Amino acid sequence: MECFSRSPDQTRRLGVRLGALMKPGDLVCLEGELGAGKTTFVQGVASGWGSLDSVTSPTFVLVNEYQRPDSACIFHLDAYRIESAPEAELLDLDAMLTHGALVVEWPERIRSVLPRAHLWVNLQFVEEDHRDLCFSASGDRAESLLASFRQSVFGVT
Ligand SMILES: Nc1ncnc2c1ncn2[C@@H]1O[C@H](COP(=O)(O)OP(=O)(O)O)[C@@H](O)[C@H]1O
Ligand SMILES: [Mg+2]
């Protein structure tokens, strides 16, 4: 599924729609160059999820955690600084996925430890304020998440 965004707010609103549909155990991978809009998208996801915490780029701390009032949380991992497979193995993704949902920036850097079930989002810079977002699902849960998301965005299945 493909969407276009003409502003940071529009990208955030797409994230809100996805975040509202996500459940603990869901993994969303955000691939795209620096400035593509990954963190902007996560701001929407966290707010759609119901968290009031502010979203910042976790580049220096690796993982941020955003709580919802019912205490379910979203983990926000930025794998930019991970340089090797052994380093990636130190991340306990399974633990995060049993406690909440997980959103990953630079997922291609930790490909060796990524679960096969995930929703993959490819964000591309088109020009100035224009981004192209491509969504693809792997696994039954991700496919149903994507179907609900498509319905939420386009109003059709
Ligand atoms: N349509 C758009 N969607 C997302 N960000 C946009 C868009 N247009 C311009 N921008 C700008 O691009 C930058 C994206 O930054 P960020 O979300 O931190 O990207 P990343 O996490 O991929 O490095 C922000 O400065 C944002 O304001
Ligand atoms: Mg970022």
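All ligand and atom numbering here is 1-based and tracks the order in the structure. Quantities reported herein were computed from a predicted structural model and do not represent experimental measurements. Side-chain atoms are counted along with the backbone in the values below, which use heavy atoms only and exclude waters and symmetry mates. Starting from 1, each residue takes its place in the sequence as its number.
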Undergrad: With atom 15 (O) of ligand 1 as the reference point, say which of T40, V42, L123, L133 has the nearest heavy atom.
TA: T40
Undergrad: Is the positively charged end of R12 above the ring of F41, judged by distance under 6.0 angstrom from the centroid and angle within 45° of the axis?
TA: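 The answer is no, since R12 fails at least one limit relative to F41.
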Undergrad: Please say whether more than 12 non-hydrogen atoms of neighbouring residues, nucleotides or ligands are located less than 6.0 Å from CD in E33.
TA: no
Undergrad: Mind checking whether the Mg ion (ligand 2) has an N, O or S of T39 under 2.8 Å?
TA: yes
Undergrad: For the residue pair F4 and H130, does the interplanar ring angle fall in the parallel (under 30°), tilted (30 to 60°) or perpendicular (over 60°) class?
TA: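 It falls in the perpendicular class, over 60°.
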Undergrad: Within a reach of under 6.0 Å around CG of D140, are more than 12 heavy atoms found that belong to other residues, nucleotides or ligands?
TA: no
Undergrad: So is E33 touching ligand 1 or not, going by heavy atoms under 4.0 Å?
TA: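 Right, E33 reaches ligand 1.
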Undergrad: Tell me which protein heavy atom sits closest to atom 4 (C) of ligand 1, plus the residue, atom name and distance to 0.1 Å.
TA: T11 OG1, 3.4 Å
Undergrad: Within the structure, does A36 bring an N/O atom to less than 3.5 angstrom of an N/O atom in ligand 1?
TA: yes
Undergrad: For atom 21 (O) of ligand 1, is some protein heavy-atom partner under 4.0 Å away?
TA: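 Yes.
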Undergrad: Among all protein heavy atoms in this structure, tell me which lies nearest to atom 27 (O) of ligand 1, with the distance rounded to 0.1 Å.
TA: P8 CG, 3.4 Å
Undergrad: Among T39, D78, D129, whose heavy atom sits nearest atom 1 (N) of ligand 1?
TA: D129
Undergrad: Which atom pair, heavy atoms only, marks the closest approach of E2 to F154?
TA: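 Distance-wise, the nearest heavy atoms are O-CZ, 3.6 Å.
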Undergrad: What protein heavy atom lies closest to atom 23 (O) of ligand 1? Include the residue and the distance to one decimal.
TA: G35 N, 2.8 Å
Undergrad: Can you list the ligand 1 atoms lying under 4.0 Å from a non-hydrogen atom of S5?
TA: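 Checking each atom against S5, I get 1 (N), 2 (C), 3 (N).
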Undergrad: Counting only heavy atoms not in E128 (residues, nucleotides, ligands), do more than 12 fall under 6.0 Å from its CD?
TA: no
Undergrad: Against the six-membered ring of W49, is K23 placed for a cation-pi contact (under 6.0 Å from the centre, within 45° of the normal)?
TA: no
Undergrad: Could you tell me whether L34 and ligand 1 have an N or O pair separated by under 3.5 Å?
TA: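 No; the residue has no nitrogen or oxygen that sits under 3.5 Å from a nitrogen or oxygen of the ligand.
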Undergrad: Using a 4.0 Å heavy-atom threshold (strictly under), name the region of E105 that reaches ligand 1: side chain, backbone, both or neither.
TA: side chain
Undergrad: Does S7 reach ligand 1, in the sense of a heavy atom lying below 4.0 Å from it?
TA: yes
Undergrad: What closest approach, in Å, do S47 and V16 show between heavy atoms, and which atom pair accounts for it?
TA: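 Result for this residue pair: OG-CG2, 3.6 Å.
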Undergrad: How close do L93 and P115 get, heavy atom to heavy atom, and via which atoms?
TA: CD1-CD, 3.9 Å
Undergrad: Is the Mg ion (ligand 2) less than 2.8 Å from at least one N/O/S atom of E105?
TA: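 Short answer: yes, at least one N, O or S atom is under the cut-off.
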Undergrad: Taking 4.0 angstrom as the limit and counting only heavy atoms of K38, give me the atoms of ligand 1 inside it, by number and element.
TA: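 Matching atoms, with element in brackets: 17 (O), 19 (O), 20 (P), 21 (O), 22 (O), 23 (O).
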Undergrad: Do you know the tightest heavy-atom contact between S5 and S7?
TA: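 Scanning both residues, the minimum pair turns out to be OG-O, 2.9 Å.
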Undergrad: Among all the protein's non-hydrogen atoms, which is closest to atom 11 (C) of ligand 1, and how far away is it?
TA: R131 NH2, 3.7 Å
Undergrad: Give me the atom names and distance for the closest heavy-atom approach of R109 to I82.
TA: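 That closest heavy-atom pairing would be CD-O, 3.7 Å.
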Undergrad: Which residue and non-hydrogen atom of the protein lie closest to atom 19 (O) of ligand 1, and at what distance in Å?
TA: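 Here the closest protein heavy atom is G37 N, 3.1 Å.
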Undergrad: Under a heavy-atom criterion of less than 4.0 Å, does E128 contact ligand 1?
TA: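 The answer is yes, since E128 has a heavy atom less than 4.0 Å from ligand 1.
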